[in-house]
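Please read the structure below before turning to the comments.
Protein chains get the first letters and strands the later ones, always in sequence-line order, with residue 1 at the start of each. Reckoned from all heavy atoms, side chains included, excluding hydrogens, waters and symmetry mates.
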2 protein chains.
Amino acid sequence: MEKISETYNATSPEALAASTVSQSVVHQLRRAHGRFMHRFLHHFSAVNLRPAEYSALALIAENPGRKQSEIAATLGIQRANFVSLMNDLEGRCLTERRSVPNDRRSHALYLTASGQNLLSDARRAEADFEAECLERLGGTPAREQFLALLARLFG
Amino acid sequence: MEKISETYNATSPEALAASTVSQSVVHQLRRAHGRFMHRFLHHFSAVNLRPAEYSALALIAENPGRKQSEIAATLGIQRANFVSLMNDLEGRCLTERRSVPNDRRSHALYLTASGQNLLSDARRAEADFEAECLERLGGTPAREQFLALLARLFG
DNA sequence: TATTGTTATACTCTATAACTATA
DNA sequence: TATAGTTATAGAGTATAACAATA
């Protein structure tokens with residue numbers, strides 16, 4: 001057994017050295033995602049939408065009548081994971097699945113009237129969120145640059 | 001009931017309009033995180049470490065003997081969630097919890113010899129990952145700018 | 001009273017395999 | 001054979017409340 005008192009400094013709990021960790025893209029992206037989720041859910045608490053649900057509503061509004069798998073693929077969500085998401089939206093009467101002529105396998109997706117109403121509220125929430133991002137980034141050029149760098153990294 | 005054939009175009013499945021969705025920071029960050037996790041786990045598959053575990057090992061190596069709650073706070077991980085993470089690392093004999101003199105509540109964290117060995121391999125994996133990021137971003141200035149913008153947004 | 005570690009629970013997102021019905 | 005939707009399971013991350021032991 002080593003003696004612990006040689007290594008543990010009980011009298012001066014100074015700040016931890018974290019330079020190696022904090023300079024890694026890995027660590028910064030992990031922390032950023034956590035804070036992103038936290039802030040998003042705060043802004044969207046009134047409309048009760050998750051990030052993926054909001055994107056789905058917005059995309060269906062832009063492309064009514066498209067197949068479930070087309071919407072999922074454009075969002076970058078696996079078909080399998082998109083099912084429960086759509087079940088949730090449909091259970092809240094925000095979207096509906098209609099049958100497609102000549103292909104009884106597919107479902108065409110539409111927003112309901114209340115889905116369009118909620119999307120209006122959600123767009124205001126997103127505008128608030130985007131405005132906060134814009135302010136933190138320090139202006140439109142910085143925002144465009146951030147999105148461009150993000151696209152280079154993960155586009 | 002509306003007629004579906006008026007809205008569903010079965011003959012020309014052109015690409016979906018996604019400008020509204022794709023221009024939002026929300027959507028881009030959601031997609032980026034998914035790809036980040038996928039790439040990270042690919043690079044770290046040999047050492048079998050998750051992002052949070054790698055950061056924990058690196059931080060403990062820089063600050064041996066610190067309390068569990070200090071390491072967790074510096075990493076931005078809740079105490080409660082850090083327990084199972086440390087249980088996992090300790091179960092693999094990569095870290096150990098030692099008792100602290102004058103405070104029987106606390107655990108001081110240390111890397112074991114095999115923990116230090118694995119961290120060496122993990123640092124090589126991270127160097128590969130960071131090099132890939134650097135190449136995608138297009139150079140050190142772009143990398144620094146990306147980290148700076150990320151810190152403005154979520155720091 | 002406050003802190004440390006712990007347990008339990010729940011929520012968001014993701015990946016994968018396998019199944020049913022239909023094309 | 002291939003596609004669309006579905007189910008089930010597993011894993012990564014997060015937050016919160018409550019508890020025992022200790023300070």
Over 60° means perpendicular and under 30° means parallel, so tell me whether A/His33 and B/His33 are parallel, tilted or perpendicular.
parallel

Would you mind classifying the nucleic acid contact of A/Gln78 as base, sugar-phosphate or nothing, using non-hydrogen atoms under 4.0 angstrom?
base

What's B/Arg79 touching, base or sugar-phosphate or nothing? Going by heavy atoms closer than 4.0 Å.
base

In whole angstrom, what separates B/His107's NE2 from D/dA21's C1'?
10 Å

Rounded to the Å, how far apart are B/Gln68 CD and C/dT3 P?
17 Å

Measure NZ/B/Lys67 against P/C/dG5 and give the value in whole Å, please.
6 Å

Quick one: A/Arg35 CZ to D/dT14 P, roughly how many Å, whole number?
11 Å

Given that A/Met37 and A/Asp103 both sit by DNA chain C, which one's nearest nucleotide is further toward the 5' end?
A/Met37

Sorted by position of nearest nucleotide on DNA chain C, 5' first, the leading residue of A/Arg105 and B/Arg105 is B/Arg105

Can you tell which of B/Val25, B/Leu29, B/Val26 makes a side-chain contact (heavy atoms from CB on, under 4.5 Å) with A/Phe40?
B/Val26

Tell me whether the side-chain N/O atoms of A/Arg50 come closer than 4.0 Å to OP1 or OP2 in C/dC13.
yes

What I want to find out is whether A/Glu53 reaches A/Arg50 closely enough, with some N-O distance under 4.0 Å, to be called a salt bridge.
yes

What does B/Arg97 touch in the nucleic acid at a heavy-atom separation under 4.0 angstrom: a base, only the sugar-phosphate, or nothing?
sugar-phosphate

Indicate, with a heavy-atom threshold strictly under 4.0 Å, whether A/Ala80 touches base, sugar-phosphate, or nothing.
base

Please report, rounded to the nearest Å, how far the P atom of D/dG13 is from the CZ atom of B/Phe36.
9 Å

Counting any heavy atom closer than 4.0 Å, what does B/His33 reach on the DNA or RNA strands: base, sugar-phosphate only, or nothing?
nothing

Ignoring hydrogens and angles, answer whether the base of D/dA15 and the side-chain atoms of B/Asn81 contain a donor-acceptor pair closer than 3.5 Å.
yes

Give a yes-or-no answer on whether the side chains of A/Thr112 and A/Glu96 include a donor-acceptor pair shorter than 3.5 Å.
no

